[in-house]
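What follows is a single structure, written as structure tokens, with notes after it.
Lettering follows sequence order; numbering is per chain, from 1. As the structure is a prediction and not an experimental result, all values here were calculated from the model.
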2 protein chains.
Amino acid sequence: MPTAQPVSAPDATSDIPEVASVLRTSVMRMRRRLANERHPDNDLSLGSMAVLGALYACDEMTLGALAARERVQPPSMTRMVNFLEEGGYVVRRQGETDRRQVLVSITDKGRRTVRKDRLSRDAWLAQQLVDLDADELAALRTAASIMERIATS
Amino acid sequence: MPTAQPVSAPDATSDIPEVASVLRTSVMRMRRRLANERHPDNDLSLGSMAVLGALYACDEMTLGALAARERVQPPSMTRMVNFLEEGGYVVRRQGETDRRQVLVSITDKGRRTVRKDRLSRDAWLAQQLVDLDADELAALRTAASIMERIATS
DNA sequence: TATTGTTATACTCTATAACTATA
DNA sequence: TATAGTTATAGAGTATAACAATA
């Protein structure tokens, strides 16, 4: 039984439990593989790189906003930001209107790291995608979008 | 701009780095969400359940084969199998031809647990998929298949 | 000697609870 | 009193290194 049938059966709804199952399994394995294949070009964890990526897009965010975005608890984000700050990838500053807040912004070093690492860190995965056809790439893009929505809902 | 455009551009190849990037990010977030949303119906971790699922399909495997399949190191698999054995979900027995090997097989309790948990543990995810259309489900199925292949390659 | 699995140990990531400082 | 973030602590999951038993 082929696992990648691109059928759009009329009763596709009945496939939902099966899709849920294979999706869950593949996500678990994929994430472990991605963690293993990661280049140790820098000392940043996957989570820290995700934070840096968010700051690359948004420039400056509060620690709480970062925690919410990455769906981790504040203490976990504190740790990641500590690590990033020690490495000179981000800087903290006190909020102006609300001085309880901590505003985290990305440094030039952080920016360079994001650019460099996006290339090198996605290189392995991109290499795995090289032989896919346009439809398969489109399926991955769609799936990524759906997963992103589900994960952050 | 929708993020899930099913375009099959002629130069889709140039999208590979971007697809790799969004796929990686969404996989990381999805896996965390799945871990969080998991029902604590039983005391089995996600990894242990994956092992049980493999044994559900294969009946009996060596510990080394399980470790290779789940892409963990042997000590990690030893731990998971210990846990599963303590719970009565699997049994160990010594290999017959090669007595260094440990053959792990699933018990009836393990089988029941797989069936029951596949339903309940995928329930949350399935619920998230309920509003998707047939094309989106097909995309997820295709993506899962590709990820499975990449993760186990 | 090489291989299969186990034990001992440590590391990473994450969480909850208790705390500090602002609001 | 409530909120933003930090510190302290614990737990889950994984890895590497050293070891035991068998090939």
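Summarising the geometry of A:Arg141 relative to B:Glu18, their closest heavy-atom pair is NH1-OE1, 3.0 Å, with the distance given to 0.1 Å. The heavy-atom pair separating A:Met147 from B:Val27 by the smallest distance is CE-CG2, 4.2 Å. The two atoms that bring A:Thr78 and A:Arg92 nearest to each other are O-NH2, 3.8 Å, heavy atoms only. The shortest heavy-atom contact between B:Arg69 and B:Cys58 is NH1-SG, 4.5 Å. A:Leu55 and A:Ile106 make their closest contact through O-CG2, 3.8 Å (heavy atoms, listed as atom of the first residue, atom of the second, distance). Taking every heavy atom of both residues into account, B:Trp124 and B:Leu34 meet most closely at CZ3-CD2, 4.0 Å.
For A:Arg31 and C:dT12, the CZ to C1' distance is 10 Å, given to the nearest whole Å. Summarising the geometry, the separation between CZ on B:Arg29 and P on C:dC13 is reported as 17 Å, rounded to the nearest angstrom. For the pair A:Gln101 CD and C:dA21 C1', the computed distance is 13 Å after rounding to whole Å. Distance B:Leu103 CG to C:dG5 C1': 12 Å, rounded to the nearest Å. As rounded to whole Å, 16 Å separates atom P of C:dC13 from atom CZ of A:Arg32. A:Gln73 places its CD atom 5 Å from the P atom of C:dA15, with the value rounded to the nearest Å.
A residue-by-residue look at B:Val102 and A:Pro75 shows that B:Val102 has its nearest nucleotide of DNA chain C further toward the 5' end. Toward the 5′ end of DNA chain D lies the nearest nucleotide of A:Arg92, the other residue of the pair A:Arg92 and B:Gly47 mapping further downstream. Nearest-nucleotide mapping onto DNA chain C: of A:Val72 and A:Asp98, the residue sitting toward the 5' end is A:Val72.
Looking at residues 78-87 of chain B, you'll see B:Arg79, B:Met80 sit with a heavy atom under 4.0 Å from some atom of DNA chain D. Residues from residues 56-69 of chain B with heavy atoms under 4.0 angstrom of DNA chain C, sorted by number: B:Thr62, B:Leu63, B:Gly64.
Of the listed nucleotides (C:dA8, C:dA2, C:dA21), C:dA2 has the atom at the smallest distance from the side chain of B:Arg100.
Taking CD of A:Glu136 as the start and CG of A:Asp133 as the end, the distance is 4.0 Å to the nearest 0.5 Å. A distance of 11.5 Å separates CD in A:Glu148 from CZ in B:Arg33, rounded to the nearest 0.5 Å.
On the nucleic acid side, DNA chain D contacts chain A at distances under 4.0 Å to non-hydrogen atoms, with the end points of that region at D:dA2 to D:dT14.
A donor atom on one side chain and an acceptor atom on the other are not found under 3.5 Å apart for A:Ser145 and A:Thr142. Of the N and O atoms on the side chains of A:Tyr89 and A:Arg111, not one donor lies less than 3.5 Å from an acceptor on the other residue.
Remark: the A:Arg99 side chain and the C:dT22 base include no donor-acceptor N/O pair separated by less than 3.5 Å.
Residue-level contact check: B:Thr97 touches the backbone only, with heavy atoms under 4.0 Å from sugar-phosphate atoms and none from bases.
Under 4.0 angstrom from either OP1 or OP2 of C:dT12 there lies no side-chain N or O belonging to A:Ser45.
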### Query
Step by step, would you call A:Arg93 with A:Glu96 a salt bridge (Lys or Arg N to Asp or Glu O under 4.0 Å)?
CA-CA 9 Å; A:Arg93 67 185 183 90; A:Glu96 284 148 9; 2.7 Å; yes
#### Entry: Test side-chain contact (heavy atoms from CB on, under 4.5 Å) applied to A:Met30 and B:Ile150, step by step
CA-CA 7 Å; A:Met30 189 71 178; B:Ile150 290 174; 3.9 Å; yes
